[in-house]
J.: 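This structure is in structure tokens; I'll ask about it shortly.
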Amino acid sequence: MIDFLAELNEPQHQAVTHENGPLMIIAGAGSGKTRVLTYRIAHLMGSGVDAFNILSLTFTNKAAEEMRHRIEKIIGSEAKNLWMGTFHSVFAKILRFEGFRLGYTSNFTIYDTDDSKSLLKTIVKEFNLDDKTYKPNFILNRISGAKNNLISWQMYNENPVFQAEDISAQMPEIGRIYKTYAQRCFSANAMDFDDLLFNTNVLFRDYLDVLNKYQHKFKHVMVDEFQDTNISQYLITRKLSAVHQNICVVGDDAQSIYAFRGANIQNILNFKKDYPDLKVVKLEQNYRSTKNIVNAANSLIAKNKAQLEKKTFSDNEEGDRIEVIKAHSDNEEGKIIANTIFESKHQGLRNQDFAILYRTNAQSRAFEEALRKLNIKYRIIGGLSFYQRKEIKDLLGYLRYTVNQQDEEAFKRIINLPKRGIGDSTVAKIVVMASENQKSVWEIICNIKQYLEGRAMNSIETFTNLIKSYIIMEEEGKDAHTIAMNIAKTTGILHELYIDKTVEGVARHENVQELLNSIKQFVDNPENEDKTLGSFLQTVSLLTNADQEEDGDPDKVTMMTIHGAKGLEFKHVFVVGLEENLFPSQMMLRSREDLEEERRLFYVAITRAEKKLTLSYAEQRYNWGKLNFCEKSRFIDEIDPAYLKFDDRGSSYTPKGFDFESFGRKERPVVTAPPTRSQAIANLKPVSQAKPAPVHVPTVDFVPSDTKNLKPGDKVEHQKFGFGEVKKLDNLGPTAKAVIHFDSEGEKTLLLSFAKLRIVE
DNA sequence: ATATGATGGACGTAG
DNA sequence: TCCATCATAT
């Protein structure tokens, strides 16, 4: 079984076969890191280490699953017993077992960022502080930063340095907010993302028997993407490996891009100090990219001061030079790149060989539009994920509350959803009652008639009875899917979306169905032993962006932020939006360290490419409806020009394969010099054969028609949206709705009792 | 209690 | 541009 070692180069071989004692693998981009990690685990198991004695921490759950399958192929089904996953998911699992020592039950809730922010908002309101000064985002970052450095609310409030910082930021009350926030989370039996790591540290600090148990369990600890761990994570691994000293960290200081969430590059730079017998292996040969790409990346990263010494090189072919495209506007950048992909498909490349990488999620829009126009399939990783959609969070809110009635964020979300006549004032009264009587909200609403009266009381009883019926199902041991299906039906969530025939309503209904399907899959998956709601929720709340489900068609262009592209590779990569102030991002640039992190981010982007790399920037970009003029990013100039090829197609470029007639319709005006000849030709519209369309002029004295007898096919004029055609009508009567396709605005659903419509002819 | 339209402010990466 | 919040009407 050792024959897989034959394919390895010398340093890879060393890394794989090093069995005992601390090991640091400095793995340059494309150096076969995943293969080394996989083989190393396989090798350890081959030499007699039991799978359940190995802990391997990865950056995404997907990466863990892939690695597990690869090891399974080499070693066999024994690989199922490996402990693998992200820091958050592995230690959430441990806290489910051990958290009772800290006062949590095994089905504690995990608060996501939205829950945390909403809780902070409530606290700011309760303290009567100005919510324009005390922004939840800022406070959360502050608290998160503290937790990642293992600073509890007690320590925070005792330390005058933090107070001073908060006072100079005009927010002296942050310490008090931190305290209340922590206490509220605790009484809600909830942990936020940072608590999962913070509490693991507390657990290992205060319960030596627990620490001891896991120290002996995990004879080997491995950490991937070590450059992106924070202090809290680092200390966990250090404690766990203190007995056996078998810690293996893999990382690349040149790819450290998560300082903003507490990652500490010093972890990797100073690792040697903590482990004097450390063995260091450097993987410097890049098997992924062409010589040109590797050399270009090296010339860029050389500008950074803070780094470990390493020389990455490639023995691959020379490859094309890196193309730099100057586009006129953000939309044109989209067009040019979509068209380049369109044309390259004839050269044997498929959609899945392309990736478009950008600095911020908001930049995806122009590319989506352009790709859609050319019928090129794409997928977007990140952005607003499935689990952040309102309808999904609503149903999940019910699931959460069924599992944990102390979960106040879930309570607030679902108490009046679907609308059951329990308004804000009633909820406020309940919350006051709860704190006055030192009881939980759940205890109050279970006996609501003892505490309050009014017309909402019956609705509240109906609500508690619903929840109680779900709790009973949960206690009877029904699986997650059975309960979720029951909830979706009996609450009326499904029905409400079913009768909503607007475009959005149908999409939401489908989303809820999809959530139910995924719960079904979770329950049916033989690898999941625990099929309870609680188990499902834990899994779901720790999904990473990269864990998004695929719809079965892999042949799609991938679009994502550079952060999301970590660890991935594509034949042809486009790095877009290379404009000063966007990338490097304006607000990042407060110190040299910040600039260096942005530069590493660019380095990561470049090194995703195997064969071809294209960089682009736009001279004009719209931001929140405002036009900005942009300059080329300094990062382009930092690459040795010997590896670059400039292409100033700019606005004179006329891509093939475009339907300009339909493309030009919703296009934004380009504020610039008169169009060039070729552009003017491209923009010419064919002379229409039909009679000229009527012109819509928005007026104040618009006289609407009676729309009682409106029927599909009618042509109408709307005061604001202009001319359109009625597509569909439903719910005749006072709530009658019409789906109308407007010439300039596209499809809209209007409530007929409000819409000001004139029937044309 | 709820539905609608007007207004004003955001500005970023992720578990 | 898009979203959350507020004021107003039902």
Side-chain angles (χ1 to χ4, degrees), chain A residues 57-61 85-92 110-114 116-118 121 125 131-132 135-138 140-141 144 147-148 191-197 225 228-230 232-233 256-263 330 357-363 365-366 381-385 387-388 390 416-427 454-456 459 538 540-547 560-566 577 581-589 594 597-598 600-601 604-605 621-628 668 720 734-735 750-751 753-756:
Chain A
L57 298 162
T58 55
F59 205 72
T60 64
N61 293 304
T86 61
F87 270 92
H88 290 89
S89 60
V90 166
F91 294 108
I110 296 169
Y111 273 0
D112 67 14
T113 319
D114 288 344
S116 300
K117 279 194 238 170
S118 141
K121 239 188 210 168
K125 212 180 262 171
D131 58 359
K132 294 210 169 61
K135 294 193 187 111
N137 243 328
F138 183 93
L140 187 59
N141 278 336
S144 170
K147 284 187 190 159
N148 287 332
M191 297 192 204
D192 67 16
F193 289 132
D194 305 311
D195 285 333
L196 294 171
L197 307 171
E225 306 286 4
D228 286 322
T229 53
N230 59 39
S232 182
Q233 293 168 319
S256 166
I257 54 176
Y258 277 96
F260 72 89
R261 66 175 219 214
D330 46 1
L357 308 182
Y358 34 75
R359 179 67 179 78
T360 67
N361 279 312
Q363 286 165 255
R365 199 215 75 248
I381 312 271
L384 189 66
S385 83
Y387 290 99
Q388 287 171 302
K390 181 185 177 300
N416 198 24
L417 194 139
K419 297 274 189 293
R420 39 169 87 83
I422 306 170
D424 292 345
S425 58
T426 312
V427 175
R455 86 192 132 109
S459 308
Q538 294 264 339
V540 154
S541 44
L542 294 171
L543 288 178
T544 64
N545 265 338
D547 299 330
M560 61 187 148
T561 64
I562 303 166
H563 283 92
K566 184 153 90 150
N581 293 344
L582 178 60
F583 191 15
S585 148
Q586 166 111 74
M587 29 177 124
M588 288 298 302
L589 300 183
D594 292 336
E597 171 147 324
E598 291 283 291
R600 290 192 294 268
L601 193 57
V604 168
R621 180 175 298 276
Y622 275 85
N623 242 349
W624 318 295
K626 277 205 248 352
L627 182 68
N628 294 313
R668 290 170 169 146
K720 199 162 131 203
T735 60
L750 303 174
L751 208 53
S753 52
F754 285 88
K756 297 206 168 84

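Each chain gets a letter, A, B and so on, in the order the sequences are listed, and its residues count up from 1. In this text the structure is predicted, and so the values were computed from the model without any measurement.
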J.: With a 4.5 Å cut-off on side-chain heavy atoms, are A/I110 and A/H88 touching?
T.: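 The answer is no, as the side chains (C-beta and beyond) never meet within the 4.5 Å cut-off.
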J.: Are A/S425 and B/dA1 close enough that a side-chain N or O sits under 4.0 Å from OP1 or OP2?
T.: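 For B/dA1, OP1 or OP2 has a side-chain N or O of A/S425 closer than 4.0 Å.
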J.: Compare side-chain N and O positions of A/N141 against OP1 and OP2 of B/dG12 and report whether any pair is under 4.0 Å apart.
T.: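 For B/dG12, neither OP1 nor OP2 has a side-chain N or O of A/N141 closer than 4.0 Å.
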J.: Got a sec, which residues hit salt bridge (charged side-chain N to carboxylate O under 4.0 Å, His left out) with A/D195, two or more places apart in sequence or on another chain?
T.: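 Salt bridge (charged side-chain N to carboxylate O under 4.0 Å, His left out) check on A/D195 returns A/K147.
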J.: Check every atom of B/dA3, B/dA10, B/dA14 against the side chain of A/K419 and return the nucleotide holding the closest atom.
T.: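 For the A/K419 side chain, the nearest candidate turns out to be B/dA3.
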J.: Provide a list of protein-nucleic acid N or O atom pairs under 3.5 angstrom, restricted to nucleotides 4-7 of chain C.
T.:
| from | atom 1 | to | atom 2 | distance (Å) |
| --- | --- | --- | --- | --- |
| C/dT5 | OP1 | A/K121 | NZ | 2.8 |

J.: What closest approach, in Å, do A/P136 and A/K117 show between heavy atoms, and which atom pair accounts for it?
T.: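 A/P136 and A/K117 have their closest heavy atoms at CB-O, 3.9 Å.
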J.: For A/N623, report the nucleic acid contact type (base, sugar-phosphate, nothing); a contact means any heavy atom under 4.0 Å.
T.: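 It contacts nothing in the nucleic acid.
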J.: Would A/F260 count as stacked on B/dT13 if the rule is ring centres under 5.5 Å and plane angle under 30°?
T.: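 Whether judged by distance or by angle, A/F260 passes, so it stacks on the base of B/dT13.
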J.: Can you work out whether A/R455 or A/L601 has the more 5'-proximal nearest nucleotide on DNA chain B?
T.: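 Taking each residue's closest nucleotide, the earlier one in sequence belongs to A/R455.
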J.: Describe the nucleic acid contact of A/F59 in one word from base, sugar-phosphate, nothing, applying a heavy-atom distance below 4.0 Å.
T.: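 Answer is nothing: A/F59 stays at 4.0 Å or more from every strand.
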J.: When the distance from CZ of A/R359 to C1' of B/dG12 is rounded to whole Å, what number comes out?
T.: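 The distance from CZ of A/R359 to C1' of B/dG12 comes to 6 Å, rounded to the nearest Å.
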J.: On the nucleotide B/dA14, are OP1 or OP2 found under 4.0 Å from the side-chain N or O atoms that A/T561 carries?
T.: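 Yes, A/T561 has a side-chain N/O under 4.0 Å of OP1/OP2 on B/dA14.
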J.: Roughly how many Å is it from NZ in A/K390 to P in C/dC3, rounded to a whole number?
T.: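 Checked: the NZ to P distance equals 14 Å.
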J.: Whole-Å distance between B/dG9 P and A/K132 NZ?
T.: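 Roughly 7 Å, once rounded to whole Å.
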J.: Who are the side chain to side chain donor-acceptor pair (under 3.5 Å) partners of A/S256, not counting sequence neighbours?
T.: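 For A/S256, no residue satisfies side chain to side chain donor-acceptor pair (under 3.5 Å) once neighbours in sequence are set aside.
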J.: The side chain of A/T426 lies closest to which of these nucleotides: B/dG15, B/dA1, B/dT13?
T.: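 The listed nucleotide nearest to A/T426's side chain is B/dA1.
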J.: Considering all heavy atoms of both residues, which atom of A/F91 and which atom of A/L196 are nearest to each other, and what is their separation?
T.: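 In terms of heavy atoms, the two residues are closest at CB-O, 4.4 Å.
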J.: Specify the separation, in whole Å, of atom CG of A/N148 and atom C1' of B/dA14.
T.: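 So the two atoms are 12 Å apart, to the nearest Å.
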J.: Could you tell me how far C/dA4 sits from B/dT13 if I compare only their P atoms? Round to whole Å.
T.: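 It comes out at 16 Å once rounded to the nearest Å.
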J.: Identify, with sequence neighbours excluded, every residue that meets side chain to side chain contact (heavy atoms under 4.5 Å, CB included) alongside A/Y387.
T.: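 Scan of A/Y387 (side chain to side chain contact (heavy atoms under 4.5 Å, CB included), adjacent residues dropped) gives A/S385, A/I392, A/L396, A/L515, A/S518, A/V540, A/L543.
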J.: Who passes side chain to side chain contact (heavy atoms under 4.5 Å, CB included) against A/N361, sequence neighbours left out?
T.: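 If we apply the side chain to side chain contact (heavy atoms under 4.5 Å, CB included) test to A/N361, skipping adjacent residues, the hits are A/Y358, A/T561.
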J.: Excluding sequence neighbours, so at least two apart, what forms ring-ring contact (aromatic ring centres under 6.0 Å, His included) with A/F583?
T.: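 Here the qualifying residues are A/F602, A/F635.
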J.: A/I562 CD1 to B/dA14 C1': how many Å, rounded?
T.: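 Computing the A/I562:CD1 to B/dA14:C1' distance gives 14 Å.
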J.: With distance as the sole criterion, do the side chain of A/N545 and the base of B/dG15 form a donor-acceptor contact below 3.5 Å?
T.: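 No, the side chain and the base share no sub-3.5 Å donor-acceptor pair.
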J.: In whole angstrom, give the distance that lies between atom CG of A/L57 and atom P of B/dG15.
T.: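 It is 15 Å, rounded to the nearest whole Å.
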J.: Just to be sure I understand the rule, does A/T544 reach a base, reach only the sugar-phosphate, or reach nothing, if contact means heavy atoms closer than 4.0 Å?
T.: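 It contacts sugar-phosphate atoms only.
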J.: Does A/T113 reach a base, just sugar-phosphate, or nothing at all? Heavy atoms under 4.0 Å.
T.: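 Base, at least one base heavy atom under 4.0 Å.
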J.: Send over the distance from A/L384 CG to B/dG15 P, rounded to a whole Å.
T.: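 The answer, rounded to whole Å, is 14 Å.
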J.: Grab the CD-C1' distance between A/E598 and B/dG12 for me, whole Å please.
T.: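 Whole-Å distance recorded here is 9 Å.
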J.: Contact class for A/N416 (heavy atom, under 4.0 Å): base, sugar-phosphate, or nothing?
T.: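 Since only primed, P, OP1 and OP2 atoms lie under 4.0 Å of A/N416, the category is sugar-phosphate.
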